[in-house]
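We count ligands from 1, going down the list as the structure has it; atoms in each ligand are counted the same way.
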Amino acid sequence: MDTVTGVALPDEAELRRRVDRLSLEQKIRLLTGEDFWALYAEPDAGLRRLVLSDGPAGVRGQSWDERDSSANVPSATALAATWDTGRIEAIGGLLAREARRKGVDVLLAPTVNLHRTPYGGRCFECFSEDPLLTARIGAAYVRGLQRSGVGATVKHFVGNDSETQRMTVDVRIDDRTLRELYLVPFEAIVREEGAWAVMAAYNGVNGSPMTQSPLLRDILHGEWGYDGLVMSDWTAAHATEATAQAALDLAMPGPASQYGPWGDALLEAVGKGAVDQALIDDKVVRILRLAARVGALTDVPAPPAPATSEPDSVAVAQELRAAAAAGFVLARNDGILPLSRPGSPGRLGPDRRLRVALIGPNAEVARTLGGGSATVFPPYTISPLDGLRAAGLHVTYAPGVTSHLRAGAARAPWLLRPGRPFDPGTGAEIRYFAESGELAGWELRDGATFLWLSGFASSGVTEPVARLEIRCVIRATVGGAYQLGVSGLGRYRLLVDGAEVFDATLVLPEDTDIGEALMRPPQQGVPVDLAAGQSVDVVAEHDVASSPFAGFGTLVQLNLVPPHGTDDEEIAAAAAMAAASDAAVVVVGTTAEVESEGFDRTTLALPGRQDELVRRVIAANPRTVAVVNSGAPVLLPWAQDAAAVLLSWFGGQEYGDALADVLLGDVEPGGRLPMTWPASEEGLPSTQPADGVLTYHEGLFIGYRAYDRDGREPLFPFGHGSGYTTWSHESITLDCAPDGRKWTGRGVAACVQVRNTGSRPGREVVQVYASRPDSAVERPAKWLAGFATADAEPGETVTVGILIPERAFQHWDGQGWATEPGSFVLAAGPSSASLPLTTRVELP
Ligand code: BGC
């Protein structure tokens with residue numbers, strides 16, 4: 001009986017009987033994917049095709065296609081900022097429903113690598129700098145998915161905490177740091193939730209690539225008793241024998257004739273005795289066990305399928321809107337928030353409509369998710385501009401500056417499909433041509449960015465494609481110079497009204513990461529002067545084989561930069577607009593060029609002249625709220641001058657509505673920082689390997705552990721944030737009975753009493769940190785040991801029970817977990833920098 005779904009599953013012996021029915025060829029065939037996203041069916045074992053999909057901000061499904069939309073949940077950082085495991089478990093349930101709607105069995109999520117440094121390109125996709133918070137939020141995410149019969153893939157095991165040279169880098173992590181930081185989330189999720197799949201990372205750790213690392217067998221299998229499947233990250237497996245001997249079960253993607261080191265080479269290795277057959281059998285058992293869990297064994301009852309709902313349904317919208325607001329961190333507020341609603345008896349008077357100047361590039365086109373494999377295509381996105389307008393505010397908008405340093409994809413209102421004068425729609429027509437020059441297929445698309453992974457089958461074209469044509473109409477809204485162009489790799493021709501404007505081959509250095517190649521490809525563009533209302537036919541042609549990545553994927557993006565003022569002009573216009581308004585809301589943030597898979601950040605500064613923009617707006621109107629739309633920390637050198645600072649992450653498809661809810665006070669900003677927000681770039685660990693090696697010199701001291709040790713002040717400390725009410729932290733007692741029941745587990749039960757001293761109902765995140773004064777062992781000054789959320793009405797006092805596990809008092813002594821006898825301090829409060837309550841725990 002599976003403890004998660006309550007479904008009777010075949011036991012080990014039954015799985016082995018199925019394996020025994022297969023020939024060696026059949027077994028080995030199962031160990032590499034059938035294609036980019038699926039495993040082979042094997043009727044002789046009762047196995048149907050099993051489908052995997054990215055993750056983690058939604059369930060993309062088997063194609064990279066804007067027409068195949070998915071509910072877009074807030075970024076991992078936003079989810080962690082809720083500190084609310086119940087809410088995250090519910091989000092896991094929503095993702096399970098999405099998975100089932102899209103025919104997906106296993107989600108390639110959550111990402112539980114740590115924010116070792118904010119430069120990490122995928123920090124937005126990872127929860128936190130703290131192992132315990134990552135473990136708790138990650139476990140809740142996995143619970144929500146697996147309870148509904150959809151597998152989770154905990155990734156990337158381990159040490160993939162940055163992107164630079166990620167496919168080859170050897171990460172050196174000392175044993176204690178590995179155990180006490182980087183393995184913690186994997187261990188907790190594997191042991192507590194029995195994760196059904198783990199993804200082995202691209203990088204190596206301490207000398208072995210993770211797809212052939214002894215850590216898989218020794219720690220994951222051996223110490224943690226893991227019975228799930230280990231798959232490689234995409235193309236991460238290389239050596240045939242070493243990966244087969246290690247506890248890697250599945251090489252992705254497939255087929256083996258195209259990718260990965262197994263297939264015939266593994267057959268040969270087994271034939272000559274270099275790889276034991278028993279290892280192959282064990283891998284197949286694990287594939288079948290995963291299949292049984294997700295209901296992919298045709299003769300075994302599947303777990304009850306969750307009801308599906310459309311990604312644009314009211315129920316999904318409500319849940320995502322509430323989740324986004326629950327993760328917003330109000331880092332600073334001089335009292336300006338919540339803004340008075342029009343007509344409410346606020347300081348602006350009952351009969352005046354609040355005039356808000358909404359400013360900033362991300363206010364009109366918000367980032368709702370980060371780039372790379374985490375990309376999904378939401379059915380719609382609500383920008384801050386949409387959200388504030390829908391809330392009934394009198395909003396004026398100015399972009400302020402251009403934050404994209406590269407040309408962006410063509411979009412509405414300029415981008416139109418060709419040949420449909422009465423119902424043009426936004427998008428393009430794509431024509432696929434075979435080697436013979438014959439048309440092999442065509443389709444209408446909704447955007448201007450097109451990526452095909454491993455052939456064109458996702459567009460219904462099965463014969464080999466030699467050439468692509470992307471056809472659209474660009475219509476000028478105002479007269480001026482429009483920059484037209486393409487992004488991609490290989491040869492592209494661009495024609496405007498039938499005349500060639502360029503024929504260029506776009507190249508990247510040979511060792512460029514595939515993620516970077518696809519997310520930040522080279523560009524070519526030309527200015528084209530258009531009169532207001534003028535339309536031109538635009539055709540971009542691409543020779544598929546001309547791209548060095550053609551075997552992996554083909555990318556064409558049609559770019560358009562409409563005429564815009566200079567930054568000087570736009571900043572002046574924004575400041576004037578702010579001066580003439582009751583309040584200004586400036587939405588600043590990063591772009592896909594900055595936060596994406598495949599590369600790290602090289603600066604934490606906001607791109608373009610956004611800092612200058614904020615300063616000018618604050619100078620024009622001191623009632624300025626700065627909203628930060630980034631997946632991870634950026635420098636905010638003006639933070640102390642803004643009336644309020646709201647850190648809102650990549651907020652998912654309902655971002656703008658959630659923002660309106662919070663700015664107007666209909667909903668509390670519920671978040672607390674899941675990482676330390678730096679004031680400067682001083683003292684942050686580097687992501688840059690030296691001679692292929694990245695040494696984690698800082699050891700245990702990442703995030704707040706480093707700030708504490710060095711006595712440095714961040715801009716906002718770990719755990720910081722407030723809602724719209726105030727709290728007093730009254731008392732902490734130990735060995736209490738949280739929820740009226742005496743806790744009998746290993747560890748300590750702490751009860752913390754908090755009182756809502758404000759005038760609104762609210763939710764507080766009560767945090768408990770452990771420390772060990774005068775320790776004989778080198779330790780951080782303090783570390784997160786437990787947390788809980790408390791809901792209270794104005795004036796109400798509530799007590800939350802926080803279970804501090806035994807592990808919180810242990811350290812890795814090189815051989816195992818050890819507890820230093822004597823006294824530990826537990827300190828509780830609203831953030832790592834404010835811990836008014838303390839007590840002591842005596843350990844034998
Ligand atoms: C990423 C994984 C992802 C996989 C499949 C890899 O490049 O590192 O996180 O799941 O691609 O898209």
Side-chain angles (χ1 to χ4, degrees), residues 32-39 51-65 68 70 75-76 95 99 102 104-113 120-127 138 141 145 150-169 171 185-186 195-204 209-211 229-238 248 250-254 259-260 369-377 451-454 458 512-520 549 551-553 555 595-600 631:
T32 302
E34 178 182 21
D35 57 32
F36 226 75
W37 303 117
L39 278 64
V51 176
L52 320 173
S53 163
D54 288 311
V59 184
R60 190 173 61 244
Q62 294 179 75
S63 64
W64 190 287
D65 187 323
D68 187 6
S70 313
S75 59
L95 292 170
K102 302 196 96 169
V104 166
D105 301 294
V106 177
L107 191 66
L108 304 173
T111 309
V112 301
N113 299 113
R122 284 176 97 169
C123 279
F124 68 87
E125 202 184 315
C126 309
F127 294 116
Y141 186 105
L145 271 173
V150 170
T153 310
V154 192
K155 68 187 188 184
H156 311 83
F157 186 80
V158 62
N160 182 189
D161 309 290
S162 50
E163 296 293 281
T164 307
Q165 298 173 22
R166 64 175 170 156
M167 309 241 174
T168 52
V169 67
V171 178
F186 292 98
W196 296 345
V198 164
M199 186 187 289
Y202 287 117
N203 55 281
M210 281 312 303
T211 50
L229 168 128
V230 179
M231 71 179 80
S232 71
D233 199 342
W234 267 231
T235 71
H238 297 294
L248 181 76
L250 174 68
M252 286 302 291
Y259 306 101
L369 45 71
S373 62
T375 304
V376 298
F377 299 94
L451 173 64
W452 298 266
L453 292 169
S454 195
S458 61
T512 304
D513 184 285
I514 177 78
E516 173 157 18
L518 297 179
M519 293 302 132
R520 206 162 56 175
F549 288 106
F552 192 88
L555 170 75
E595 280 188 273
S596 215
E597 176 176 335
F599 49 91
D600 291 313

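- Inter-residue side-chain proximity for Phe552 and Trp452 is flagged as unmet; no heavy-atom pair is nearer than 4.5 Å.
- Side-chain contact between Phe157 and Asp233: absent, with no pair of heavy atoms (C-beta onward) separated by less than 4.5 Å.
- There is no side-chain donor-acceptor pair under 3.5 Å between Lys102 and Ser53.
- Inclusion of Tyr202 in the set of residues having an N or O under 3.5 Å from an N or O of ligand 1 is warranted.
- The shortest distance between side-chain heavy atoms of Thr111 and Tyr141 does not fall below 4.5 Å.
- Residues Glu125 and Leu369 form no side-chain contact, since every pair of their non-hydrogen atoms from C-beta on lies 4.5 Å or further apart.
- Each of Leu453, Thr32, Thr235 was checked for a side chain to side chain contact (heavy atoms under 4.5 Å, CB included) with Pro253, and the lone residue meeting it is Thr235.
- Geometric assessment of Arg60 against the ring of Phe377 yields a negative cation-pi assignment under the 6.0 Å and 45° thresholds.
- The aromatic rings of Trp37 and Trp234 sit tilted, their planes meeting at an angle between 30° and 60°.
- Near Met199, meaning under 4.0 Å from one of its heavy atoms, ligand 1 places the atoms 10 (O).
- In summary, the atoms of ligand 1 found under 4.0 Å from a heavy atom of Ser373, numbered by their order in the structure, are 1 (C), 2 (C), 3 (C), 9 (O), 12 (O).
- Atoms of ligand 1 found under 4.0 Å from any heavy atom of Asp233, numbered from 1 in the order shown, are 1 (C), 2 (C), 3 (C), 4 (C), 6 (C), 7 (O), 8 (O), 11 (O).
- Within ligand 1, counting atoms from 1 as listed, the ones closer than 4.0 Å to a heavy atom of Lys155 are 2 (C), 3 (C), 9 (O), 10 (O).
- Residue Arg122 approaches ligand 1 through these ligand atoms, each under 4.0 Å from one of its heavy atoms: 1 (C), 2 (C), 8 (O), 9 (O).
- Under a 4.0 Å heavy-atom criterion, Met252 is not in contact with ligand 1.
- By the 4.0 Å heavy-atom criterion, Phe36 is excluded from the residues contacting ligand 1.
- Taking 4.0 Å as the cut-off between side-chain N and carboxylate O, Arg166 and Asp161 do not count as a salt-bridged pair.
- The ligand atoms of ligand 1 that sit less than 4.0 angstrom from a heavy atom of Trp37 are 5 (C), 12 (O).
- The N/O atoms of Asp54, backbone and side chain alike, include one that comes under 3.5 Å of an N/O atom in ligand 1.
- Which parts of ligand 1 touch Leu108 is read off a 4.0 Å heavy-atom cut-off, strictly below it: atoms 10 (O).
- Below 3.5 Å of separation, one finds an N or O of Glu597 facing an N or O of ligand 1.
- Between Arg60 and ligand 1, not a single N/O pair is under 3.5 Å apart.
- Using a cutoff of 4.0 Å between basic side-chain nitrogens and carboxylate oxygens, Glu595 and Arg122 are not scored as salt-bridged.
- Residue contacts with ligand 1 for Arg166 involve side-chain atoms from C-beta outward but no N, CA, C or O (heavy atoms, distance under 4.0 Å).
- Within the structure, the closest approach of Glu125 to ligand 1 does not fall below 4.0 Å when heavy atoms are considered.
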